[in-house]
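Contents: one structure, followed by commentary.
Remember, predicted model here, so these are calculated numbers, not experimental data. Just so you know, these numbers use all the heavy atoms, side chains as well, and skip hydrogens, waters and symmetry mates. We count ligands from 1, going down the list as the structure has it; atoms in each ligand are counted the same way.
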Amino acid sequence: MIKREQFIEAKHKAVQMIRECGIVLNQNEMDEMDVADFGLNHLYVEGGQMLGFFNTNRVSAKVIAMFPRQTLPEHWHTAFDDNIGKEETIRVAKGTLYLCIEGEDTLNHAVIPDNKTHCYTARKEYVMRAGDQITLEPGIKHWFQGGDEGAVVYSFSSAAKCALDPFTDQEIVRITQIED
Ligand code: ZN
């Protein structure tokens, strides 16, 4: 649950961050922007601001603004219908992003939110800066965190059905609920 004022404030901040990258946004995209607290009620600790450009049956593109040290919780992209699951390329437009995926534990810069060790099992860390990109195969657990100045990243992928993606943290509610 996220309060309306907090939702609007976060959206404005995220739009500003994205525009500072020189990315042009239209009104509809801004209106539809998702400020996700994942039902955890601490947006600036665990959350993300996702702005979609398009999401057809085959391809999807969006931009994600991460506030300083904000963490997008660990999840993976599962198969749906006759699709093997989303393949996603994360490319940093601005700032630093700590991306963690399954593999050898090299966690060094990203900080797991308090009391959430069990919800962040993927510990192979990549430090990504503007121009860096990584492609994630379907089914690979991943999570990421904005650096001290936050980050703006592109997500280019095959068709996305984010509402179906499982999260390691069982407390998560993916669909954002806004409280007036
Ligand atoms: Zn993902």
Side-chain angles (χ1 to χ4, degrees), residues 10 14 17-18 23 29 32-40 42-67 69-81 83-103 105-107 109-113 116 118-130 132-147 150-176:
M17 287 172 70
I18 295 167
I23 299 169
E29 289 158 355
E32 297 294 314
M33 183 170 197
D34 187 16
V35 174
D37 77 340
F38 300 96
L40 301 173
H42 55 188
L43 177 69
Y44 288 81
V45 178
E46 291 176 289
Q49 295 63 234
M50 276 74 74
L51 183 139
F53 294 131
F54 57 86
N55 183 20
T56 72
N57 288 328
R58 292 195 284 184
V59 288
S60 174
K62 60 187 163 195
V63 60
I64 305 170
M66 298 298 294
F67 297 141
R69 291 292 171 174
Q70 188 184 33
T71 304
L72 194 127
E74 180 174 289
H75 65 282
W76 60 101
H77 306 295
T78 49
F80 57 91
D81 304 332
N83 188 312
I84 60 167
K86 184 170 87 165
E87 177 189 292
E88 178 177 31
T89 296
I90 300 285
R91 179 183 174 93
V92 177
K94 192 165 195 258
T96 301
L97 188 80
Y98 305 123
L99 172 69
C100 296
I101 68 172
E102 286 176 50
D105 187 341
T106 58
L107 189 66
H109 300 85
V111 179
I112 292 172
K116 290 290 183 86
H118 59 293
C119 302
Y120 292 88
T121 63
R123 305 276 177 89
K124 185 173 171 63
E125 183 186 79
Y126 292 88
V127 177
M128 300 174 69
R129 300 198 169 83
D132 292 342
Q133 62 184 28
I134 286 177
T135 299
L136 302 164
E137 298 299 324
I140 298 292
K141 285 183 185 166
H142 58 282
W143 58 279
F144 48 82
Q145 183 173 82
V152 175
V153 305
Y154 294 101
S155 162
F156 304 108
S157 73
S158 56
K161 288 230 173 142
C162 297
L164 301 178
D165 290 338
F167 283 81
T168 307
D169 186 347
Q170 295 299 305
E171 305 290 309
I172 283 178
V173 179
R174 176 61 191 89
I175 305 299
T176 304

Subject >> Note, His142 side chain near His75 side chain (heavy atom, < 4.5 Å) >> reply: yes
Worksheet item: When the ring planes of Phe167 and Phe38 are compared, do they come out parallel, tilted or perpendicular, using 30° and 60° as the limits?
Response: tilted
Looking at His77, the N/O/S atom that lies nearest to the Zn ion (ligand 1) is called NE2
Exactly one candidate in Asp169, Ile112, Leu72 meets side-chain contact (heavy atoms from CB on, under 4.5 Å) with Trp143; the answer is Ile112
For Glu88, the N, O or S atom at the shortest distance from the Zn ion (ligand 1) is OE1
Taking the Zn ion (ligand 1) as the apex, His75 NE2 and His142 NE2 span an angle, rounded to 10°, of 90°
Quiz prompt | Donor-acceptor pair, side chain of Thr106 and main chain of Lys124, under 3.5 angstrom | solution = no
